[in-house]
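In what follows, every heavy atom counts, from backbone to side chain, and hydrogens, waters and symmetry copies are set aside.
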Amino acid sequence: MMTIFNFSDALLGWYEKHGRKDLPWQQSVTPYRVWVSEIMLQQTQVSTVIPYYQRFMQRFPDIAALATANLDEVLSYWAGLGYYARGRNLHKSANIIHHQLGGELPEDIEQLQTLPGIGRSTAGAIMALAFHQRYAILDGNVKRVLSRFYAVEDWPGKPQVEKQLWLRAQALLPDKDFAKYTQAQMDLGATLCTRSRPDCQNCPLQTHCAAYAQNNVSDYPRPRPKKTVPVKQVQWLVVENKHQEILLLKRPAMGIWGGLWCFPEFTDSELETVCDRLEIPVTDAQILAGFQHTFTHFKLNIQPFKMALDDAFSVIEDKPDRIWVKIKDIEELALPAPVKALVNQL
DNA sequence: AACCCGGGGGA
DNA sequence: TCCCCAGGGTT
């Protein structure tokens with residue numbers, strides 16, 4: 001008697017033995033806990049997320065706590081995780097839920113996707129993990145697994161390819177155990193069908209994996225087309241007053257490091273112009289060690305300077321987007337990684 | 001140094 | 001509808 005290979009059965013069987021069941025967001029599961037974890041897990045690996053998740057849930061244990069907190073505090077809990085729009089959107093969505101949707105996450109995929117920060121894949125994950133409904137996800141793990149399983153000959157980020165992968169993902173859904181199945185896919189991609197050195201010998205899908213049959217698993221997924229990245233130059237000014245406080249400016253909500261605190265930044269301006277703009281006296285600046293910060297789309301060459309204001313300067317009061325802060329209190333603030341790195345050098 | 005990754009917003 | 005953007009971590 002011939003049996004047909006069943007993808008979801010194979011995956012679920014593997015999950016029972018080898019899947020992860022002790023992640024923080026798998027304990028006392030609620031839609032809110034699933035939601036926060038899924039947002040943090042966008043672009044970010046489990047091991048990085050865990051400590052942030054613990055701290056975040058301790059401070060914002062439910063939707064009401066998050067909605068009523070101020071955005072700066074939310075961002076300070078996000079600082080270091082990257083992609084700060086996620087934190088802003090999480091806060092914005094919590095407010096929409098708290099004030100307009102009766103305080104609970106909607107149990108409806110269309111409505112979930114209207115909330116800022118929740119796209120199709122995250123909505124699918126919430127529907128499956130929190131509400132046990134039959135929805136597919138298509139995160140990086142699933143894209144990698146399916147690209148290999150079907151030997152997909154194009155970059156999975158390409159819109160046309162992505163569309164096909166969604167269809168595949170939906171076609172493979174089981175008819176029950178949606179939460180387990182969703183977790184199983186993520187676990188397989190994260191722990192076994194990894195980008196480098198996948199453990200094909202222990203893979204439940206090995207017998208029907210097209211890439212494995214071709215003996216070229218590591219050629220999938222096909223890479224993103226390359227682009228050359230521009231290098232940008234920027235100067236940062238570390239201004240210290242007589243109270244050993246540092247001047248930080250809040251960046252605009254849009255763009256790089258939106259809403260986070262940074263050193264005053266300039267590119268070509270004269271020091272005099274910069275001081276003028278900052279309403280501080282022109283003082284000799286000392287050059288500090290430069291360093292580079294790399295993004296996917298560009299590189300940033302950062303040249304910091306330090307300026308110590310003399311006793312004659314009386315501190316101008318803080319404004320909403322401008323603050324004088326003691327080094328030891330700086331940890332409380334939402335700072336991008338290279339700012340934190342420079343602070344640690346001071 | 002190259003590569004990875006969900007969603008928003010503008011072209 | 002497509003392309004660009006964003007940031008820290010891993011390899």
Check: A/Leu41 has an atom CG; how far is it from atom C1' of B/dC5, in whole Å?
Finding: 11 Å
Notebook entry, point to check: Under 4.0 angstrom, heavy atoms only, what part of the nucleic acid is A/Arg120 near: base, sugar-phosphate, or nothing?
Noted result: sugar-phosphate
Next item on the list: Would you mind checking if A/Lys319 and A/Glu279 are paired as a salt bridge, meaning a charged N to carboxylate O distance below 4.0 Å?
Entry: yes
Note to self: Please classify the nucleic acid contact of A/Ile118 as base, sugar-phosphate, or nothing, using heavy-atom distances under 4.0 Å.
What the structure shows: sugar-phosphate
Note to self: By the 4.0 Å heavy-atom rule, please label A/Leu115 as base, sugar-phosphate, or nothing.
What the structure shows: sugar-phosphate
Checklist line | Shortest non-hydrogen contact from A/Met127 toward A/Asp108 | finding: SD-N, 3.9 Å
Checklist line | Whole-angstrom distance between B/dG6 and C/dT11, as gauged at atom P | finding: 16 Å
Check: Atom CG of A/Asn141 to atom C1' of B/dG6: distance rounded to whole Å?
Finding: 12 Å
Item checked: Polar contact flag, side-chain donor to acceptor under 3.5 angstrom, A/Asn141-A/Arg144 -> yes
Next item on the list: Taking atom P in both B/dA11 and C/dA6, compute the distance separating them and give it to the nearest angstrom.
Entry: 15 Å
Note to self: Please report the interatomic distance CD(A/Glu265) to CG(A/Leu249), rounded to the nearest 0.5 Å.
What the structure shows: 9.5 Å
Notebook entry, point to check: In whole Å, what is the span from the CG atom of A/Leu90 to the P atom of B/dG7?
Noted result: 13 Å
Check: Could you state the CZ-P distance from A/Arg222 to B/dA2, rounded to the nearest angstrom?
Finding: 21 Å
Enumerate the protein-to-nucleotides 7-11 of chain C contacts in which both atoms are nitrogen or oxygen and the separation is below 3.5 Å.
residue : atom : partner  : partner atom : Å
C/dG7   : OP1  : A/Tyr84  : N            : 2.9
C/dG7   : OP2  : A/Trp257 : N            : 2.7
C/dG7   : O5'  : A/Tyr83  : N            : 3.2
C/dG7   : O6   : A/Tyr83  : OH           : 3.3
C/dG7   : O6   : A/Thr296 : OG1          : 2.1
C/dG7   : N1   : A/Tyr83  : OH           : 2.8
C/dG8   : OP1  : A/Tyr84  : OH           : 2.8
C/dG8   : OP1  : A/Ala337 : N            : 2.9
C/dG8   : OP2  : A/His293 : NE2          : 3.1
C/dT11  : O3'  : A/Ser196 : OG           : 3.4

Check: So, is the end of the A/Arg222 side chain (NZ or CZ) under 6.0 Å from the ring centre of A/Tyr220 and within 45° of the ring's axis?
Finding: yes
Margin query: From CD of A/Gln160 over to P of C/dT1, roughly how many Å is that when rounded to an integer?
Written below: 13 Å
Check: C/dC4 C1' sits how many Å from A/Lys158 NZ, rounded?
Finding: 18 Å
Next item on the list: Would you mind reading off the distance between A/Leu112 atom CG and B/dG7 atom C1', rounded to a whole angstrom?
Entry: 14 Å
Notebook entry, point to check: Between atom CZ in A/Arg224 and atom P in B/dC4, what is the gap in whole Å?
Noted result: 8 Å
Next item on the list: Would you please classify the geometry between the A/Phe263 ring and the A/Trp236 ring as parallel, tilted or perpendicular, with 30° and 60° separating the classes?
Entry: tilted
Note to self: I'd like to know if the side chain of A/Gln27 and the backbone of A/Leu23 have a donor-acceptor N/O pair within less than 3.5 Å.
What the structure shows: yes
Margin query: Any strand counts, and the cut-off is 3.5 Å on both contacts for Watson-Crick or G-U wobble. Which nucleotide pairs with B/dG6?
Written below: none
